[in-house]
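In this text, all values refer to a predicted model and were calculated from it rather than measured experimentally. Naming convention: chains lettered A, B, ... in sequence-line order (proteins, then strands); numbering from 1 in each chain.
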Amino acid sequence: MNDIKTAIENVTKELFGQEGSVELTRPDAQFGDFSSNVALQLAKKLGKNPREVAEAVVEKLQDIETINKVEIAGPGFINIYLTDQSLTSLVSLDYAKNRTDQTVVIETNNPNPFKAMHIGHAFNAILGDTIANLLDADGAHVYRVSYHGDVGLHVGKSMYSLLKYIDGDVDKLTNIAENERNSFMSKMYAEGSKVYKEDENAKAEIDDLAQQSFEPKTALYKQVYDICKNWSFEQIDQIVARLGNKPIDEQGRFLESDADHRGVKIVRDNVPEVFEESDGALIFPGSKYGAFDNAFVASNGRGLYAARDLGLMQLKNEYYHPQKSYIITAEEQRALLIGVIAAAELSMPDLKDVTVNITHGTVKLSTGKMSSRDGDVVEIDWLLDRIADAVKEHSGENNPAIEAGALRYQFLKVKIGTDVVFDINEAVSVVGNSGPYLQYAHARGCSILAKTTNEVGSYASNLNESEHLLVRKMTEYSEVIEHATRELAPHYICTYLYELSQEFNRFYEKNQVIGSDTETSRLKLVSDYTNILKQGLNILGIEAPEHV
RNA sequence: GCGCCCGUAGCUCAGUGGAUUAGAGCACUGGUCUUCGGAACCAGGUGUCGCAAGUUCGAAUCUUGCCGGGCGUACCA
């Protein structure tokens, strides 16, 4: 592709004295393998008719031996058809890596303990993990971390119900079976939330219990708190693994309780240069920086979320010294993060341009209330169990790789940033544009390769139509990966791999591989296809089993 | 009020730095099938690309204004 590009650049320079980069695009298959609009761009500059310019360029290009045919279409597009031989030579798993000199830190999950993980957490975790994969694919040295709110109001709400439940006897807690804990915790939190809104006395008590998450007043509080916090992290690790996420770094679990005092100190040390006192609170005038004025330390002296985030940035820097630090959050936190990042750059100048906030939409439910006892949240375990049911209907057995793949692909195929309308029927679907479709297509390919004793050969010099279309699609791989890593946009890979697999399935319908005259050539085709698909899926964090 | 994001087929969504005839999946109807895995393939059609103006050889894409929706707007996170 670069040869063609360079060739056109040379031609335009020679003919018109015009220097500059030429764009090559991938047109519809009927318009060739590559297309250039260079004639249209140059025509205006030169004061000539675009078709005339195109004709002059085309005349030169026809001499290039890798080009089979060049045509001028429409107002002056130059459509280039390569020979099959030169097209197949472009098939490759390689792509350019642009972050090889970078160390990066990225949060790949951050559900809070003392609550159950729901679908929004899964969305966030899958996006974070996949963006981490993209950074890794692009050559960066990646540290995956997590961040959890183990202090504050939500802890108070859960502790209220928990302390009522055990009624002074911790054994009541330890008697709860392991597989009951998640929904138990969920219920405790829901009850606490409910009374907090409805009962003034309970509210006061919960506020006090929330404060105790920083400094427990009783041994019993501490005991219950520690047990439940451990349970939560066991659950989180288990569920995150079930989603197909790679584990976080050994030192990568950060807690708000650790970040809090650091953050408060940073704020206090930077009054009045960065932060100012207002009504007893310490605020940052974020409205000057595209955000909003925000309290970092409350009037009672407690650190607030924004201050803890400063502490977290400092912690990450001390552990990893990253050039870039990625935080994946819902869109509703965008303005907040703009303020926090601005405050961080002023109070910790070393961290300038380090932290990047990537925002995603919220997960909305299409069918309203679907699951759980305490409201309209969909718990991850419940959802994955439903997906497992659907997968089992097809294959007769459970397959964790397919279950995770179905969910990941469902979330990843959409452009990051807009809201996701979550439909349970679509999520458990294994047909059409879905993870299982891709995994199935991969297994089909592997199955062919496993069935023959012949060696994979090299490409035949002439391809039939469906072979040509599949090869043509495969040559786009490197461009797609580079695009996706550059923009940290996994959905480009999803779209591509789906189109690639469609081409494979079409090829599969029309061509017998084993026993055909061109078997070794077709084996090469299938082999390249499965390798590309597998590598692409792996970047998405989706496994590609040989049998599904 | 101000700021940010969004509006493409019945539904869910793609559509690269402007480009040839705006595409997929789902759903619906029909077909393929003694061949390497039917989680498949093929065929059938619908779009004032929210509205309007502007820039351009050319706009779903860029600019402006409006309409509609979401989010944010300091002591929750």
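- In this entry the distance linking OH of Y496(A) with P of rU16(B) reads 18 Å, nearest Å.
- Within the 4.0 Å cut-off from OP1 or OP2 of rU16(B), not a single side-chain nitrogen or oxygen of R486(A) is found.
- Taking atom P on both nucleotides, rA60(B) is separated from rU20(B) by 10 Å, rounded to a whole Å.
- Atom CD in E487(A) sits about 14 Å away from atom P in rA14(B), given to the nearest Å.
- Side-chain proximity of E426(A) to rG17(B), rU12(B), rG38(B): nearest is rU12(B).
- If you check rC36(B), rG37(B), rC75(B) against the side chain of S299(A), the one that comes closest is rC75(B).
- Remark: the separation of the P atoms in rG47(B) and rC42(B) is 23 Å, to the nearest Å.
- Put simply, CD on E503(A) is 13 Å from C1' on rA24(B), counting in whole angstrom units.
- Looking at heavy-atom distances under 4.0 Å, L336(A) makes contact with a base.
- Between L337(A) atom CG and rC71(B) atom P the separation is 18 Å, expressed in whole Å.
- Position along RNA chain B of the nearest nucleotide to V420(A) versus H547(A) favours V420(A) as the more 5'-ward residue.
- Checked against the 6.0 Å centroid threshold, F296(A) and Y305(A) do not count as a close aromatic pair.
- Checked against rA39(B), rA77(B), rG37(B), the side chain of V391(A) finds its nearest nucleotide in rA39(B).
- Heavy atoms of E71(A) sit nowhere under 4.0 angstrom from any nucleic acid atom.
- At a cut-off of 3.5 angstrom, the base of rC36(B) holds at least one donor-acceptor pair with the side chain of Q512(A).
- Across every strand in view, rU73(B) sits in a pair with rG1(B) that passes the Watson-Crick or G-U test at under 3.5 angstrom.
- When distances run from any side-chain atom of N79(A) to the nucleotides rG37(B), rA39(B), rU20(B), the shortest one goes to rU20(B).
- rC62(B): Watson-Crick or G-U partner is rG54(B), with both key distances under 3.5 Å.
- Across all strands shown, the partner of rC41(B) is rG31(B), judged by Watson-Crick or G-U wobble contacts whose two distances both fall under 3.5 Å.
- Among the protein residues, E331(A) comes within range of the nucleic acid bases, having at least one heavy atom under 4.0 Å from a base atom.
- With P as the reference atom, rC4(B) and rA22(B) are 33 Å apart, rounded to whole Å.
- Here, rG45(B) and rC5(B) have their C1' atoms 33 Å apart, quoted to the whole Å.
- The NZ atom of K451(A) sits 7 Å away from the C1' atom of rG37(B) (whole-angstrom rounding).
- Comparing rC49(B) with rC2(B), their C1' atoms are spaced 30 Å from each other, to the whole Å.
- Using a cut-off of 4.0 Å between Lys/Arg side-chain N and Asp/Glu carboxylate O, K316(A) and E107(A) are scored as salt-bridged.
- Remark: P of rU73(B) and OH of Y305(A) are 13 Å apart, rounded to the nearest angstrom.
- Using a 4.0 Å cut-off between charged nitrogen and carboxylate oxygen, K473(A) and E476(A) count as a salt-bridge pair.
- Remark: rU16(B) base-pairs with no nucleotide in the shown strands. Criterion, Watson-Crick or G-U wobble with two distances under 3.5 Å.
- Residue H483(A) has its side chain nearest to rU16(B) when only rG25(B), rA77(B), rU16(B) are considered.
- Nucleic acid contact for A443(A): base, since at least one base atom lies under 4.0 Å from a heavy atom of the residue.
- The R308(A) side chain lies nearest to rA77(B) when the options are rA77(B), rC75(B), rG38(B).
- A donor and an acceptor atom sit less than 3.5 Å apart, one in the side chain of N37(A) and one in the base of rA19(B).
- At a threshold of 4.0 angstrom between heavy atoms, the contacts of V421(A) are confined to the sugar-phosphate backbone, with no base atom among them.
- Across the P atoms, rA14(B) and rG72(B) are found 22 Å apart, a figure rounded to whole Å.
- For S447(A) (side chain) and A443(A) (main-chain N/O), no donor-acceptor pair under 3.5 Å exists by modelled atom type.
- S146(A) and H148(A) are linked by a side-chain donor-acceptor pair at a separation below 3.5 angstrom, with hydrogens and angles left out of the test.
- Nucleotide rG68(B) forms a pair with rC6(B), judged by Watson-Crick or G-U wobble geometry with both contacts under 3.5 Å.
- OP1 or OP2 of rC42(B) sits under 4.0 Å from a side-chain N or O of R506(A).
- Comment: R308(A) engages E256(A) in a salt bridge, judged by a side-chain N to carboxylate O separation of less than 4.0 angstrom.
- The residue E476(A) sits apart from the nucleic acid: no heavy atom pair falls under 4.0 Å.
- Here the two rings, on Y529(A) and F507(A), have centers that are 6.0 Å apart or farther.
- A close approach under 4.0 Å does not occur between any side-chain nitrogen or oxygen of Y498(A) and OP1 or OP2 of rA40(B).
- Residue contacts shown for P75(A) are absent, as no nucleic acid heavy atom lies under 4.0 Å away.
- Residue-to-nucleotide contacts include no donor-acceptor pair under 3.5 Å from the side chain of S287(A) to the base of rU73(B).
- For the C1' atoms, the distance linking rA19(B) with rC62(B) amounts to 14 Å, nearest Å.
- With rG37(B), rA39(B), rU20(B) as the choices, the nucleotide that has an atom nearest any side-chain atom of F31(A) turns out to be rU20(B).
- Atom CZ of F507(A) is separated from atom P of rG37(B) by 13 Å (rounded to the nearest Å).
- For S395(A), whose side chain is taken as the heavy atoms from C-beta onward, the closest listed nucleotide among rC13(B), rU73(B), rA39(B) is rA39(B).
- One atom, CZ of F411(A), and another, P of rU12(B), lie 16 Å apart when rounded to the nearest Å.
- Scanning atom types as modelled, one donor and one acceptor separated by under 3.5 angstrom connect the side chain of S278(A) and the base of rA74(B).
- Not one N or O on the side chain of S299(A) forms a donor-acceptor pair closer than 3.5 Å with the backbone of A281(A).
- Residue R334(A) is the one, among R444(A) and R334(A), whose nearest nucleotide of RNA chain B lies closer to the 5' end (criterion: closest heavy atom).
- Of all nucleotides listed (rU20(B), rU12(B), rA39(B)), rA39(B) comes nearest to the side chain of V430(A).
- Side-chain nitrogen and oxygen atoms of H148(A) include none within less than 4.0 Å of the OP1 or OP2 phosphate oxygen of rA77(B).
- Here F77(A) lies parallel enough and close enough to stack on the base of rU20(B), with planes under 30° and ring centres under 5.5 Å apart.
- Remark: E205(A) does not engage K203(A) in a salt bridge, criterion side-chain N to carboxylate O under 4.0 Å.
- Regarding contacts with the backbone of rG15(B), a side-chain N or O of K415(A) is found under 4.0 angstrom from either OP1 or OP2.
- Side chain of H394(A), nearest nucleotide from rC76(B), rC5(B), rA39(B): rA39(B).
- Using C1' as the reference atom, rG68(B) and rC51(B) are 10 Å apart when rounded to the nearest Å.
- Here the rule is ring-ring contact (aromatic ring centres under 6.0 Å, His included) with Y437(A), and of F504(A), Y409(A), Y498(A) only Y498(A) fits it.
- Taking side-chain N and O atoms only, Q502(A) has a distance below 4.0 Å to OP1 or OP2 of rG25(B).
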